[in-house]
2 protein chains.
Amino acid sequence: MKGSNLGEFEELVLLMVMILQEEAYVLKIQEELHAQTGRKVAMGALHTTLSRLTSKDFLTSVFTGATQERGGRRKRVYSVSAAGKSALQEATAIRKTLLDQVPNYAWQVRYI
Amino acid sequence: MKGSNLGEFEELVLLMVMILQEEAYVLKIQEELHAQTGRKVAMGALHTTLSRLTSKDFLTSVFTGATQERGGRRKRVYSVSAAGKSALQEATAIRKTLLDQVPNYAWQVRYI
DNA sequence: AGTTATTTTCGATTTTGCAGAACAAATAAA
DNA sequence: TTTATTTGTTCTGCAAAATCGAAAATAACT
């Protein structure tokens, strides 16, 4: 219970990987991250975060066989490990707890 | 809509300030942060974050008159600005949106 | 004036976030 | 069968965020 805190971007990336599932490879992640959060990050940036998350054992990855598209290299597909999920879970839970204690709920985002 | 992303610790601090209200001064924040999240941060760390948030205009602060306790200096009480609230709101909303797209809700923290 | 508790300020360091260029692989086109 | 083009990976490097520890202030009480 040390609280292996996730950086804010790391957290977004973990979420995207969970959402994308078998489609969780860099380009897709980058694209989807932009579509959903309006954030456009360089590929290098994403790779750095991805490998940092991997060395923290929050992500694992495997190569898929190359497809027959123009320039279609084999892609590395990521998935969130159990540790990654619980880190995410913990961060979410803590914030939820705090959020519930904020007086004047007016400003809050409605759950439900 | 630039996405003035909050760091993960910055976000926790903003939340604590909102929760603590008139009691939002460093020592209290530190103490409460530890109580609620199990995280023990050094005072210096907190001050750095607090002033970063202030220069981003997410926090404002005023001095209270010193109380009559032994060693009781006047404390600087913080409060979250409108900009701070919306930054918080935005971060929360984005994550909520993503969270809702994660397949296999089982692992998720229940809202409600 | 000196002691004591509380808060703020000041380096210094590690970890995260992010960009861009160089490199590698695969295929389409010339 | 070379060359161009697209897709993906690695490397280098800097900026911003997270932290610590110690030094300076400040305020009451002796």
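Within the 4.5 Å cutoff, the side chain of A/Val13 has heavy atoms near those of the A/Leu46 side chain. The side-chain heavy atoms of A/Phe9 and A/Arg39, taken from C-beta on, include a pair separated by under 4.5 Å. Proximity of A/Thr97 to B/Thr37: side-chain heavy atoms (C-beta onward) are nowhere separated by under 4.5 Å.
The OH-P distance, from B/Tyr25 to C/dT7, rounds to 6 Å in whole Å. As a whole-Å value, the separation of A/Glu31 CD from D/dT7 P is 10 Å. What separates CZ of A/Arg76 from C1' of C/dA25 is a distance of 14 Å, to the nearest Å. Separating the CG atom of B/Leu50 from the C1' atom of D/dA17 is a distance of 14 Å, rounded to the nearest angstrom. Rounded to an integer number of Å, the gap from CZ of A/Phe63 to P of D/dT7 is 17 Å. Between B/Gln30 atom CD and D/dT19 atom P there is a gap of 13 Å when expressed in whole angstrom units. Rounded to whole Å, atom P of C/dT15 lies 14 Å from atom CZ of A/Phe58.
Here the closest non-hydrogen pair linking B/Asn5 and B/Lys56 is O-NZ, 3.9 Å.
Linking ILVMFWY residues whenever their side-chain heavy atoms come closer than 4.5 Å, directly or via other members, places B/Tyr25 and B/Met43 in the same cluster.
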All N/O pairs under 3.5 Å across the protein-nucleotides 17-20 of chain C interface:
{"from": "C/dG17", "atom 1": "OP1", "to": "A/Glu8", "atom 2": "N", "distance (Å)": "2.8"}
{"from": "C/dG17", "atom 1": "OP1", "to": "A/Phe9", "atom 2": "N", "distance (Å)": "2.8"}
{"from": "C/dG17", "atom 1": "N7", "to": "A/Arg52", "atom 2": "NH2", "distance (Å)": "2.5"}
{"from": "C/dC18", "atom 1": "OP1", "to": "A/Arg39", "atom 2": "NH2", "distance (Å)": "3.4"}
{"from": "C/dC18", "atom 1": "OP1", "to": "B/Asn5", "atom 2": "ND2", "distance (Å)": "3.2"}
{"from": "C/dC18", "atom 1": "OP2", "to": "A/Arg39", "atom 2": "NH2", "distance (Å)": "3.0"}
{"from": "C/dC18", "atom 1": "N4", "to": "A/Thr48", "atom 2": "OG1", "distance (Å)": "3.4"}
{"from": "C/dA19", "atom 1": "OP2", "to": "A/Ala42", "atom 2": "N", "distance (Å)": "2.6"}

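Between A/Glu11 and A/Arg95 there is a salt bridge, with a side-chain nitrogen of the basic residue lying less than 4.0 Å from a carboxylate oxygen of the acidic one.
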Requested in this report: Take B/Ser61 and B/Arg76 through the test side chain to side chain donor-acceptor pair (under 3.5 Å) and record every step on the way to the result.
Outcome: CA-CA 6 Å; B/Ser61 61; B/Arg76 186 188 283 276; 3.0 Å; yes

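Across all strands shown, B/Lys28 has no heavy atoms under 4.0 Å from either base or sugar-phosphate atoms.
Under 4.0 angstrom from either OP1 or OP2 of D/dT9 there lies at least one side-chain N or O belonging to A/His47. The side chain of B/Arg74 contributes no N or O atom lying less than 4.0 Å from OP1 or OP2 of C/dT7. Residue B/Lys75 places none of its side-chain N or O atoms closer than 4.0 Å to OP1 or OP2 of D/dA27.
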